[in-house]
Amino acid sequence: MQEPTFLILTALAAGPKHGYGVMQEVSELSSGRVKLRPGTLYGALDRLTEQGLISVGDEEIVDGRFRRFYELTDDGVTALEDEARRLSHNAAAATARLKQRPA
């Protein structure tokens, strides 16, 4: 799973968010390293919806602007849990190997 996808799913783990909220959360989660542009974000959201990892929840109009809220599906939760486990395992393996380095 690519880092932006992981961060988008992570951003939605705590509950539904609209696109701009996802962009802000991804930036915050990555300490500003990953900044999604609207075209990239909405392309990813469409792809994740097609894959069944997220779904469209509520839709509303705020100040004349259309907002669509996205949320994780059960498959999205499973995919995020699996990826978090994989990353954690890889980080633990790297840490263990670094401890074996000669001084």
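What you see is a predicted model, and the numbers here were worked out from it, not measured in a lab. Just the heavy atoms: all of them, side chains too, but no hydrogens, waters or symmetry mates, feed the values below.
Counting only distance, with no hydrogens or angles, the side chain of Ser30 and the backbone of Val26 share a donor-acceptor pair below 3.5 Å. Judged by distance alone, with hydrogens and angles left aside, the side-chain atoms of Thr49 form no donor-acceptor pair with the main-chain N or O of Ser55 at under 3.5 Å. Counting only distance, with no hydrogens or angles, the side chain of Thr95 and the backbone of Ala91 share a donor-acceptor pair below 3.5 Å.
Annotation: the span from Ile8 atom CD1 to Met1 atom CE amounts to 10.5 Å, rounded to 0.5 Å. The CG atom of Asp75 sits 12.0 Å away from atom CG of Leu48, with the distance rounded to the nearest 0.5 Å. For the atom pair OG1 (Thr5) and CG (Leu53), the distance works out to 9.0 Å, reported to the nearest 0.5 Å.
Sorted by first then second residue, the salt bridge (charged side-chain N to carboxylate O under 4.0 Å, His left out) pairs that include residues 94-103, not counting sequence neighbours, number zero. Sorted by first and then second residue, the salt bridge (charged side-chain N to carboxylate O under 4.0 Å, His left out) pairs with a member in residues 26-54 read Glu3-Arg33; sequence neighbours excluded. Applying the ring pair (Phe, Tyr, Trp, His ring centres under 6.0 Å) definition to pairs two or more places apart or across chains, those involving residues 9-39 are His18-Phe69. Residue pairs satisfying the side chain to side chain donor-acceptor pair (under 3.5 Å) criterion with at least one member in residues 76-85, sequence neighbours excluded, are listed as follows: Asp82-Arg85, Glu83-Arg86. Listed by first then second residue, pairs satisfying salt bridge (charged side-chain N to carboxylate O under 4.0 Å, His left out) with a partner in residues 4-19 number zero, not counting sequence neighbours.
Contact between Leu12 and Tyr70 at its shortest, heavy atoms only, is CD2-O, 3.3 Å. Scanning all heavy atoms of the two residues, the minimum distance from Thr73 to Ile54 falls at CG2-C, 3.6 Å. Here the shortest heavy-atom pairing between Leu29 and Ala11 reads CD1-N, 3.9 Å. Across every non-hydrogen atom of Pro38 and Met23, the tightest pair is N-SD, 4.0 Å. Taking both residues in full, the closest heavy atoms of Leu80 and Ala13 are given as CD2-CB, 3.9 Å, listed atom of the first, atom of the second, then distance.
Residue Asp74 places its CG atom among 12 or fewer non-hydrogen atoms of other residues, nucleotides or ligands, all under 6.0 Å distant. Within 6.0 Å of the CD atom in Gln2, the count of heavy atoms belonging to other residues, nucleotides or ligands does not exceed 12.
Under the side chain to side chain donor-acceptor pair (under 3.5 Å) criterion, Arg68 pairs with Glu59, not counting sequence neighbours.
Contact check for Leu36 versus Pro4: side-chain heavy atoms found under the 4.5 Å cut-off.
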